[in-house]
Amino acid sequence: MEYKKPMGVDIDLETGVIPGAKKLVRRLSDLKGYFQDEEAYAELLKENPVVYEVYAVEQEAKDGDLNFATTVLHPGKVGKEFFFTKGHYHSKADRAEIYYGIKGRGGMLLQTPEGRAEWIEMRPGTVVYVPPYWAHRTVNTGDEPFVFLAVYPADAGHDYGSIAEKGFSKLVVEENGEVRVVDNPKW
Ligand code: M6P
Ligand code: ZN
């Protein structure tokens, strides 16, 4: 039997960086078609801000092993809609996931394949359980970076397809200075 070497790493709780992790950067241009307000999108695209960064420590995609990643989701809006991650189902749809809030404010939108959506607020210390089969997207509703940790099966995979096409049945927007979860008119 070959045993893998155990490890411990310290997440920088201010920046969300995991030393030695693989860094992925998503800019606004990577989220084409995701936001409702196309005019506001085109305007902000001139700056093409970084929307989020992911620091991932991933294993071979084998049953039983675990990956973990931090996400640093920057504050911002496209029109009324708060910045969010793309959101995905798992390629192996029955794989669950755990999120843990580290810094900033936001929440998670979850959705079943039938389009039933749930919104869960997250602050530092909040644990969110993503059950099997639920798509999940995080949203920054604050004015500082929203940082969280995710732990997920190494063989879960990311299925972006249907969310990229149709989005979620709910939107998270700012209306009169308040955070509102409203129906997606295009759903
Ligand atoms: C979390 C995890 C990652 C995911 C990342 C960004 O860190 O769920 O697996 O990649 O968020 O989310 P997305 O892939 O939907 O852009
Ligand atoms: Zn996931």
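For ligands, and for the atoms within them, numbers begin at 1 and follow the listed sequence. In this text the structure is predicted, and so the values were computed from the model without any measurement.
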Nearest-0.5 Å distance, CG of residue Asn67 to CD of residue Glu60: 11.0 Å
Closest protein heavy atom (residue, atom, distance) for atom 14 (O) of ligand 1: Tyr160 OH, 2.5 Å
Atom 2 (C) of ligand 1 - nearest protein heavy atom and its distance: Glu97 OE2, 3.4 Å
Where ligand 1 meets Ala150 - atom numbers and elements under 4.0 angstrom, heavy-atom basis: 1 (C), 2 (C), 7 (O)
Flag side-chain contact, heavy atom, 4.5 Å: Val172 against Arg180: no
Nitrogen or oxygen atoms of Gly87 and ligand 1 under 3.5 Å apart: yes
Side-chain donor-acceptor distances from residues 118-126 under 3.5 Å, at least two apart:
residue, atom, partner, partner atom, Å
Thr126, OG1, Arg123, N, 3.0
Thr126, OG1, Arg123, O, 3.0

Metal site the Zn ion (ligand 2): N/O/S of His158 inside 2.8 Å: no
Any N or O of His88 closer than 3.5 Å to N or O of ligand 1: yes
Partner set under side chain to side chain donor-acceptor pair (under 3.5 Å) for Asp37, not counting sequence neighbours: none
Residue and atom name of the nearest protein heavy atom (relative to atom 4 (C) of ligand 1), distance in Å to one decimal: His158 NE2, 3.7 Å
Residue and atom name of the nearest protein heavy atom (relative to atom 12 (O) of ligand 1), distance in Å to one decimal: Thr85 CB, 3.8 Å
Top protein contact for atom 5 (C) of ligand 1, by heavy-atom distance: Thr71 OG1, 3.8 Å
Any Leu31 side-chain heavy atom under 4.5 Å of Lys86 side chain: yes
Of the listed options Tyr52, Tyr55, Tyr89, Phe68, closest to atom 6 (C) of ligand 1 (non-hydrogen atoms): Tyr52
Any Arg137 heavy atom less than 4.0 Å from ligand 1: no
For Tyr99, the ligand 1 atoms whose distance to one of its heavy atoms is below 4.0 Å: 1 (C), 2 (C), 8 (O), 11 (O)
Distance under 6.0 Å and angle within 45° of ring axis: Arg26 vs Tyr34: no
